[in-house]
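Remember, it's 1-based here, ligands and their atoms both numbered in the order they're listed.
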Amino acid sequence: MPESFDLIVIGAGPGGYVCAIRAAQLGMKVACVEKRATLGGTCLNVGCIPSKALLQSSENFEETAHGFAAHGIMVEGVTLDLARMQARKGEVVSANVKGVEFLFRKNKVTWLKGAARILAPGKVEVAGETYETKTIVIATGSDSAPLRGVEVDERRIVTSTGALELPEVPKHLVVIGGGVIGLELGSVWRRLGAEVTVIEFLDRLIPGMDSEIAKQLERILGKQGMQFRLKSKVTGATSGKDGVTLSVEPAAGGAAEAIKADVVLLAIGRRPYTEGLGLAEAGVALDERGRVRTDAHFATNVPGIYAIGDVIAGPMLAHKAEDEGVAVAEILAGQAGHVNYAAIPAVIYTWPEVAAVGATEEELKQAGIAYKAGKFPFSANGRARAIGDVDGFVKILADAKTDRVLGAHMIGPDVGTLIAEISLAIEFGASSEDVARTCHAHPTLNEAVKEAALAVEGRAIHI
Ligand code: FAD
Ligand code: NAI
């Protein structure tokens with residue numbers, strides 16, 4: 001007799017492992033299938049966690065080499081031990097993935113090791129065994145999108161996975177794609193000494209985010225030494241003994257130019273991963289972009305099969321996948337699981353950081369919603385001055401009639417942490433007046449958020 005479960009979750013990334021744990025907490029007998037040798041998915045193994053480890057290490061390196069002199073701390077002869085830096089990153093990842101294994105044991109979630117294939121609703125095959133289950137949740141995530149003419153070998157032409165593993169600092173790193181991965185990992189290698197050129201198809205960086213913030217980020221990263229080729233497309237790449245030669249053309253068409261690189265990072269987006277899952281045979285419908293189609297309760301068109309995370313529509317973010325994992329587990333337990341898509345923050349961990357939640361000005365204009373904007377620069381914040389990080393600003397958007405907070409867009413020191421206050425405000429339906437009248441400790445960076453809320457009504461104090 002095959003072992004049977006209440007729920008089999010396929011994929012142990014932030015969507016899948018969180019869903020499995022929440023379902024077990026709610027009393028279900030749960031298995032989670034993962035084909036990778038460790039739990040935690042893209043995020044813990046080759047995404048959020050290793051990239052943030054390297055961002056921190058490279059920031060420490062740059063700060064020690066160049067940043068401390070302004071504070072009167074003179075450090076000479078700073079050298080890089082990249083092997084040690086990479087080993088530390090490995091230790092950080094290892095501690096995190098083992099943590100998930102511990103949580104599975106604690107919550108009695110069975111890890112089925114191997115690749116899962118859905119044989120039919122209620123039947124999943126893993127490593128030659130068939131398991132029965134009342135419900136299946138697909139949480140198979142995403143992988144990096146390919147580009148015709150640019151063959152990834154994860155050595156000279158790499159995706160984010162290879163870019164996290166480079167054994168030496170490239171002299172010239174060319175990044176294809178001025179999005180989140182390109183700018184975060186481009187920052188890592190620039191700080192460690194690489195010349196970095198970012199080739200972006202559009203006329204701006206980080207599409208989808210506030211355009212004023214995108215311009216500031218381009219200016220600040222440019223000042224740090226990153227080079228940008230906007231409105232440009234890569235049409236081919238040839239790998240040779242002495243590096244890679246890229247063929248680059250204006251996006252609108254025109255004469256091609258050759259650009260040489262030691263390493264090329266391809267980062268033009270990610271696509272849903274459903275390979276070998278047996279979705280076509282099981283009759284699970286996909287949308288026009290290959291994502292598993294779901295309704296508002298994460299149900300696919302096949303009864304008993306649900307999907308969450310990067311493999312369905314919406315932002316490809318770990319916390320979005322986690323919240324969907326909790327919501328679907330609660331729905332399966334008969335509760336009212338729910339995700340508020342208007343309050344999902346997005347953070348880019350460059351320095352300065354970029355953070356956003358809710359609507360952009362462009363989106364509000366397009367939707368014909370009248371809004372007021374309040375802005376406050378970090379140059380007028382006492383703590384930012386004390387730290388020595390005055391680049392950037394906080395912008396809060398509120399409904400012109402009701403004053404309800406509709407969005408916030410920030411660039412500056414630690415804004416990835418500051419954004420949580422506005423996510424909470426949106427979640428609670430707060431007004432900009434509510435944020436403005438909340439007492440904020442002094443001197444903190446958070447005071448820039450309060451002042452931006454005050455600025456919505458033109459009554460900021462320190463500007
Ligand atoms: P995944 O994490 O992709 O997990 C899916 C898992 O399913 C994988 O482990 C895969 O092996 C497994 N799987 C697939 N098919 C099968 C099968 N048939 N059988 C068994 N197992 C299977 N997001 C953030 O919010 N913040 C960040 O800072 C951030 N940084 C990132 C940095 C990088 C370099 C990258 C690439 C991504 C980053 N992301 C970040 C995005 C984040 O990693 C994803 O949004 C998140 O991992 C999605 O979670 P998921 O559970 O949907 O899928
Ligand atoms: P992205 O969607 O953020 O950016 C891709 C960029 O490539 C865009 O600017 C796009 O215009 C450009 N582009 C597309 N085709 C191109 C071409 N042919 N030539 C040149 N440019 C081209 O995708 P990215 O950076 O690969 O990241 C994938 C996803 O991973 C992100 O969207 C995000 O969801 C997730 N992620 C999140 C992080 C975070 O939360 N801090 C960090 C890293 C990844």
Ring geometry between Tyr131 and Phe5 (parallel below 30°, tilted from 30 to 60°, perpendicular above 60°): tilted
Ala139, Ala307, Pro50, Gly309: member with heavy atom nearest to atom 5 (C) of ligand 1: Ala139
Closest to atom 47 (O) of ligand 1 among Gly278, Pro315, Cys43 (heavy-atom distance): Cys43
Contact atoms of ligand 1, heavy-atom distance to Tyr349 under 4.0 Å: 28 (O)
Thr133 (side chain) donor-acceptor with Ile8 (main chain) under 3.5 angstrom: yes
Sub-4.0 Å heavy-atom contact, Pro315 with ligand 2: no
Minimum-distance protein heavy atom relative to atom 49 (O) of ligand 1: Pro14 CD, 3.3 Å
Sidechain N-carboxylate O distance under 4.0 Å for Arg156, Glu151: no
Closest protein heavy atom to atom 18 (N) of ligand 1, given as residue, atom name and distance to 0.1 Å: Ala116 O, 3.1 Å
Atoms in ligand 1 flagged as close to Met316, the criterion being non-hydrogen separation under 4.0 Å: 41 (C), 45 (O)
Val347, portion touching ligand 2 at heavy-atom distance under 4.0 Å: backbone
Heavy-atom nearest option to atom 22 (C) of ligand 2, drawn from Leu183, Ile268, Leu205: Ile268
Ligand 1 N/O within reach of Ile10 N/O, cut-off under 3.5 Å: no
Distance filter under 4.0 Å to Ser142 heavy atoms, resulting ligand 1 atoms: 3 (O)
Ligand 1 to Thr42 polar contact by distance, N or O atoms, under 3.5 Å: yes
Contacting atoms of ligand 2, where contact means under 4.0 angstrom from a heavy atom of Ile199: 20 (C), 21 (N)
Minimum heavy-atom distance Ser58-Arg191, with the two atoms named: OG-NH1, 3.2 Å
Residue selection (non-hydrogen contact nearest atom 39 (N) of ligand 1) among Cys48, Ala346, Gly40, Cys19: Cys48
Polar contact flag for His319 and ligand 1 (N/O pairs, less than 3.5 Å): yes
Distance under 6.0 Å and angle within 45° of ring axis: Lys233 vs Phe201: no
Ionic contact status for Asp143 with Arg271, cut-off 4.0 Å: yes
Closest protein heavy atom to atom 51 (O) of ligand 1, given as residue, atom name and distance to 0.1 Å: Gly15 N, 2.9 Å
Atom indices of ligand 2, in the order listed, that fall short of 4.0 Å to a heavy atom of Met316: 33 (C), 34 (O), 35 (C)
Ser51 touching ligand 1 at heavy-atom level, < 4.0 angstrom: yes
Nearest protein heavy atom with distance in Å, relative to atom 53 (O) of ligand 1: Gly141 CA, 3.2 Å
Donor-acceptor pair, side chain of Trp189 and main chain of Ala163, under 3.5 angstrom: yes
Heavy atom of the protein closest to atom 30 (O) of ligand 2 (residue, atom name, distance): Arg270 CD, 3.6 Å
Those atoms of ligand 2 less than 4.0 Å from some heavy atom in Gly269: 5 (C), 23 (O), 24 (P), 26 (O)
Proximity winner for atom 11 (O) of ligand 2, if only heavy atoms of Arg229, Lys52, Glu200, Glu184 are counted: Glu200
Main-chain N/O of Glu200 paired with Lys231 side-chain donor or acceptor, under 3.5 Å: no
Structural part of Leu147 in contact with ligand 2, heavy atom criterion under 4.0 angstrom: side chain
Gly283 to Asn301 - nearest heavy-atom pair and separation: O-ND2, 2.9 Å
Pick from Ile181, Ile176, Val175: the one approaching atom 43 (C) of ligand 2 most closely through a non-hydrogen atom: Ile181
Heavy-atom protein contact below 4.0 Å for atom 32 (O) of ligand 2: no
Atom pair CG (Leu39) and CG (Asn45), whose distance is rounded to the nearest 0.5 Å: 8.5 Å
Residue part near ligand 2, for Leu202, under 4.0 Å between non-hydrogen atoms: side chain
Close approach, Lys52 and ligand 1, non-hydrogen under 4.0 angstrom: yes
Identity and distance of the protein heavy atom lying nearest atom 6 (C) of ligand 1: Glu34 OE1, 3.5 Å
Val46 to ligand 1, any heavy atom closer than 4.0 Å: yes
Lys320 heavy atom under 4.0 Å from ligand 1: no
For atom 7 (O) of ligand 1, the protein heavy atom that lies nearest, with its residue and separation: Gly11 CA, 3.2 Å
Glu275 N/O under 3.5 Å from ligand 1 N/O: no
Distance filter under 4.0 Å to Tyr349 heavy atoms, resulting ligand 2 atoms: 41 (N)
Top protein contact for atom 15 (N) of ligand 1, by heavy-atom distance: Thr140 CG2, 3.3 Å
